[in-house]
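The block underneath contains the structure these notes are about, expressed in structure tokens.
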Amino acid sequence: MKASFFIGLLICSFVKLEAQPKFKAIAATTLHDKIKGGWAGQTIGVTFGAPYEFRFSGSFIQDYQPLKWYDGYIKNEMLHNAGLYDDLYMDLTFVEVFEKYGLDAPVDSFANAFAKAAYPLWHANQSARYNILNGIKAPASGNWLYNPHADDIDFQIEADFAGLMSPGMPNTASAISDKIGHIMNYGDGWYGGVFIGAMYTQAFFNNDVNEIVYSALKTIPANTSYYRCISDVIRWNKKYPNDWHQTWLEIQKKWSSDKFCPDGIFSGFDIDATLNSAYVVMSLLYGDGDYTRSLELAARAGQDADCNPSTVGGILGAMLGYEKIPAYWKMGLKESEDIDFKYTNTSLNKVYAIGYNHAIQNIRRNGGIVKGDSVYVKIQTPVAVKFEQGFTGLNTVNEKSLQNKDIKELSFEFEGNGFVLKGQSVRKSSAGTEGVIKLEITIDNEKKEIVHLPTSFLTRRNELYWNYQLENKQHKVSLKVLNPDAAYSLDTWNYFYYTSPMLKNKFLP
């Protein structure tokens, strides 16, 4: 009886002990070094890949082709080609908001900061900027019904900060990504940022890239196309462990069809988050922790060949730490670390310090402890975020040319359940001020919307109009400029239309 009671007491004690949160210790100097490595690694990677961005769409860079790198390259690009650092200045915009308003900064602070920034944007970011400036707030600003680029790579290349400020805390990073990533993305586009952020969180306490990838993937719902794609890459890496080219080909065969980004439909160009995430994972797995090998693979994979090396360089930088990034890749880096990234008030040296402070704050608020030179992180088990999938019920059918300049009125017809109209609103002369063209949209004799189309590149609307929620039938779309002005021109280029997957064969040409 007494023995049984004693054993029971031991079991209860063991269970209580096991139920306690698991803490991992990391020296403050090591934590700082890893955060520093994450930011430096991004900068190295985007600089390295910049010459190859979208120059290899649907093909990889052959192994025999040399990829350039030299002492002073980073400083030269930061001073003379500052626009290539959108991977960094977008991250830093959000870091600066955290620094100004604290970890509980509201979503509108982040949305307004980048929407009103002076830098140019593209794809999901630009569509979100337009939405925010025209009264469509987050998260609607990133939703696929309001943003045709919702599946694009945008938040994926900006989510580094969420992971770097959440060491060992993937669910905390996911919560940050939920708030900020939905400003510009949804579904697979959002998952790209969640996954990348989670890989950063795992890199602080794991030197095995396989484990970093596997653990981070647990943050993605298993019934999504994004999860299936990354799982495929893991499987192909195991099947062809010595041949990255074969895995690249398998990725192309199954995952390279971009059906919704209006710039990638029926094109070799693919800025979809899923495909580019696949290249990132392929590079990490085949690089197996080797910084040089991984960075080169990320560039050679093609498509967004500056953003993908930036992601790979940042994750490995956080894993290895700044001091262990090979000296070859840090040539000229120190001479660049006090240069503020264009459009920001932040340099690398500043963000090394700010990023560390944000991480410490985040660790403390999530149950961690800082004691002397030791930081005790309350480690989180990755949990899948919510399920969401954009562009449901749509199957891309065809493209029709509409090459018209300076239109006042125009009509076209199609059979399906959705369409996207591409074109531009521009100022005809360099003289004068930018304006806004007001375009009335009528569908099947019903006035749908009056769209405001700025002629300014910074505030432009990426696409003239789209509608993904029509009935599957014949439709007539009519356009009418309500405020014609000789100083401005509304040009149309083409339109894509869709049908439901059930009826796709009926409408195929």
Would you tell me whether [X] and [Y] have side-chain atoms, one donor and one acceptor, within less than 3.5 Å of each other?
X      : Y      : value
Asn345 : Glu96  : no
Asn366 : Thr172 : yes
Ser277 : Tyr226 : yes
Asn362 : Ser166 : yes
His245 : Glu250 : no
Asn467 : Glu449 : no
Glu77  : Asn81  : yes

Nearest non-hydrogen partners of [X] and [Y], listed with the distance:
X      : Y      : value
Lys334 : Tyr322 : NZ-OH, 3.7 Å
Ile363 : Pro167 : CD1-CG, 3.7 Å
Lys386 : Trp190 : O-CZ3, 4.0 Å

Ring centroids only, cut at 6.0 angstrom: are [X] and [Y] within range, meaning strictly under it?
X      : Y      : value
Phe391 : Tyr468 : yes
Tyr119 : Tyr343 : yes
Phe161 : Phe94  : yes

Q. Heavy-atom distance under 4.5 Å between the side chains of Trp39 and Val95, does that happen here?
A.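 Contact flag for Trp39/Val95 side chains = yes.
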
Q: Please work out whether the ring planes of Trp329 and Phe48 are parallel, tilted or perpendicular, with thresholds of 30° and 60°.
A: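 Taking Phe48 first and then Trp329, their aromatic rings stand perpendicular (interplane angle over 60°).
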
Between [X] and [Y] (salt bridge meaning N to carboxylate O under 4.0 Å), is one present in this structure?
X      : Y      : answer
Asp33  : Lys324 : no
Arg293 : Asp288 : no
Asp338 : Lys75  : no

Q) Between Phe457 and Arg460, is there a cation-pi geometry (under 6.0 Å to ring centre, at most 45° from the normal)? A)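 Here Arg460 passes the 6.0 Å and 45° test against Phe457.
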
Q: Say whether, by atom type as modelled, one donor and one acceptor occur between the side chain of Asn276 and the main chain of Asp272 under 3.5 angstrom.
A: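 Yes.
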
